[in-house]
Amino acid sequence: MTITSNRPAWLEALEHDGVAVVPAAIPPAEVAAFEADAYAWLGTFGYDPLDRTTWKRARLPPAWRTGMYSSAAHEAFVWRLRCVPGILAAFASAWDTSPETLVASFDSINITRPLGKFGRNSKATKPWPHLDQDPGRAGLELYQGIAVLSDSGPNDGGLCVLPGSHRLHSEYFKAFPPPPWKPNRIFRIPARGMAWYAARGVTKRKVEAKAGDLILWDSRVVHWNEDPIGERIRLAAYVCYCPRSLIAEDVLSKRVQLFYTRTWTNHKPFLAVAGKECVPRLAEPEETDTLVRLIGSSVEDST
Ligand SMILES: O=C(O)CCC(=O)C(=O)O
Ligand SMILES: [Fe+2]
């Protein structure tokens, strides 16, 4: 007898490899709208993606690494993406809950220019393998996500992972006991750590995906990103949600405050680590019921 399961293949991959691509989680119209708005947002700083003579660092807002912009966290177009039903449904399946229970991070978007005369003039960035999960924590902390908004093939910018490293997490930190950690820091895996994983058969995979896909990974998976080395600009958004039940009441209230002061956070919805205030430059987000739930306020409270 063949046992068939309704479990999508990507959920199996998420469990086994610690990383999965959810195909076509974002409708093409949303991808196109995000792209147009992301470029319009950069345009408010004097940058025009169609005119490579404007591709100057001095015209761009402050970024983490080569293209991660936290200051877009509360733009209407970023919130619209955070509310896409396909993204919420995928996170809900990963957490084995319903979409209505989820609370979101106020995270960055990624717009990374390719290398070249009018693009980045830096060398291709070196790998920066890390964990966002607190290294002192043994079990799964979070599912992390990337809404892929431009195709991500071998020469494009994209996520790199050590598949299966989530299953070695506790063993790794027995071999390399972690120092006390701050909640807003990433934990870098040094060369000797990468050699430790390689000795166990765990080696790099570049996660290839199409615009509209959603990448999900277990926060115990070692990861980093690669900048584009081809012609295409990388467009992505970091999306992260966890069930409201994992968030303390005082953190929920702080999150609501952070939303109304338009302050960005890191990937972790259960921490509400405040970044800087960001002034929406294109449009303020529309406070739909979904948005109100995702900031951590209950819809009943807000009416
Ligand atoms: O840009 C990426 O692909 C990964 C960035 C990262 O480290 C993260 O989202 O936690
Ligand atoms: Fe990360």
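Atoms within each ligand, like the ligands themselves, are counted from 1 in listed order. In this chain, residues are counted from 1 in sequence order. Just so you know, these numbers come straight off a predicted model, no measurement behind them.
Across the listed options N225, D227, V221, N225 owns the non-hydrogen atom lying nearest to atom 2 (C) of ligand 1.
Residue contacts with ligand 1 for D132 involve side-chain atoms from C-beta outward but no N, CA, C or O (heavy atoms, distance under 4.0 Å). Of all the heavy atoms of Q133, none lies under 4.0 Å from any atom of ligand 1, so neither backbone nor side chain is involved. At a 4.0 Å heavy-atom cut-off, ligand 1 touches I146 through the side chain alone.
There is a side-chain donor-acceptor pair under 3.5 Å between N225 and W128.
Of the charged side-chain nitrogens involved, none lies within less than 4.0 Å of a carboxylate oxygen, so that R80 and D37 do not count as a salt-bridged pair. By the 4.0 Å N-to-carboxylate-O rule, E231 lies close enough to R52 to be salt-bridged with it.
Using a non-hydrogen distance threshold of 4.0 Å, W64 does not register as a contact of ligand 1. Heavy-atom distances between R234 and ligand 1 reach below 4.0 Å in at least one pair.
Close approach to W128 involves these atoms of ligand 1, each under 4.0 Å from a residue heavy atom: 7 (O).
Partner of E226 under the salt bridge (Lys or Arg N to Asp or Glu O under 4.0 Å) criterion, chosen from R65, K204, R234: K204.
For F187 and F173, the gap between ring centers is short of 6.0 Å. Aromatic pair Y197/Y172: centroids less than 6.0 angstrom apart. Ring pair W41/Y47: centre-to-centre distance not below 6.0 Å.
Note on V78 and L235: same hydrophobic cluster, where clusters join Ile, Leu, Val, Met, Phe, Trp and Tyr whose side-chain heavy atoms are under 4.5 Å apart, directly or indirectly.
Relative orientation of the H267 and Y238 rings is tilted, given thresholds of 30° and 60° on the angle between their planes.
At least one N or O atom of Y238, backbone or side chain, sits closer than 3.5 Å to an N or O atom of ligand 1.
Protein N/O/S atoms found under 2.8 Å from the Fe ion (ligand 2): H130 NE2, D132 OD1, H223 NE2.
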